[in-house]
Amino acid sequence: MSNSFERIYAVVRCIPTGKVATYGQIARLAGLGRGARVVGYALFQITPGSDVPWQRVVNAQGEISESPHRQGNDDYQRILLKSEGIIFDEAGRIDLTEYRWQPDVAQCAKFASLT
DNA sequence: AAGTTGACTATTT
DNA sequence: AAAATAGCCAACT
């Protein structure tokens, strides 16, 4: 596993239940700057059984990003999020102004040395 | 070693 | 408002 991926996973693992984060947000926290795409690539390799809550990562529009290779799993992701208390609007989007995760260094000391 | 690729994002049509 | 364009960064081939 590449080091960058480890950092990304570390950040994602810190997203509390009931909250979501955007790819760009995670990229920045992981020290990747604008490498939002790398975050997506990292999540692509996550296998079921991993302790990384990949379902809490959505795109900047509050919508679930899907891929030609992952299609079918978007429904699964939506179900997981709903079970965590996240509400989807009519368009199937999440209200980021309410559910967007706001990193708290006190809760996640791992970031202290990354940012 | 160099080119391609992608769970992105912001900008421009 | 939806679709195409252009930057971005690291992994993969």
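Lettering follows sequence order; numbering is per chain, from 1. Note that the structure is predicted; figures quoted are calculated from it, not measured. The analysis underlying the following values was restricted to heavy atoms, covering all of them including side chains, and did not include hydrogens, waters or symmetry mates.
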Has the side chain of [X] got a donor or acceptor atom that lies under 3.5 Å from a matching backbone atom of [Y]?
X: A:Gln71; Y: A:Pro68; answer: yes
X: A:Glu84; Y: A:Pro16; answer: no
X: A:Lys19; Y: A:Glu98; answer: yes

With a 4.0 Å cut-off on heavy atoms, is [X] in touch with a base, just the backbone sugar-phosphate, or nothing at all?
X: A:Leu32; result: sugar-phosphate
X: A:Tyr41; result: sugar-phosphate
X: A:Gly40; result: base

For the base of C:dG7, is there a side-chain donor-acceptor partner from A:Arg37 under 3.5 Å away? yes

Distance from A:Ile94 atom CD1 to A:Arg100 atom CZ, nearest 0.5 Å? 13.0 Å

For the pair made of [atom1] in [X] and [atom2] in [N], what is the distance, rounded to whole Å?
X: A:Ile8; N: B:dG6; atom1: CD1; atom2: C1'; value: 13 Å
X: A:Phe5; N: B:dG6; atom1: CZ; atom2: C1'; value: 10 Å
X: A:Arg34; N: C:dA10; atom1: CZ; atom2: C1'; value: 15 Å
X: A:His69; N: C:dC12; atom1: NE2; atom2: P; value: 14 Å
X: A:Gln25; N: B:dA10; atom1: CD; atom2: P; value: 12 Å
X: A:Arg28; N: C:dA10; atom1: CZ; atom2: P; value: 16 Å

Nearest-neighbour nucleotide for the A:Tyr23 side chain, C:dC9, B:dA7, C:dA10 considered: B:dA7

Which nucleotide wins on minimum distance to the side chain of A:Val38, given the candidates B:dT9, C:dA10, B:dA7? C:dA10

ILVMFWY network linking A:Tyr23 to A:Ile64, side-chain heavy atoms under 4.5 angstrom: no

Heavy-atom closest contact (A:Gly18 atom, A:Tyr99 atom, distance): O-CD2, 3.5 Å

Check A:Ala60 against A:Leu96 and note the closest heavy-atom contact, atom names and distance. O-CD1, 3.2 Å

Any heavy-atom pair between the side chains of A:Asp51 and A:Tyr9 that's under 4.5 Å? no

Flag side-chain contact, heavy atom, 4.5 Å: A:Val38 against A:Phe5: yes

In residues 73-100 of chain A, which residues come under 4.0 Å of DNA chain C by heavy atom? none

For residues 51-67 of chain A, which residues have at least one heavy atom under 4.0 Å from DNA chain B? A:Trp54, A:Asn59, A:Ala60, A:Ser65, A:Ser67

Just to confirm, is there a sub-4.0 Å distance from OP1 or OP2 of C:dC12 to any side-chain nitrogen or oxygen of A:Gln45? yes

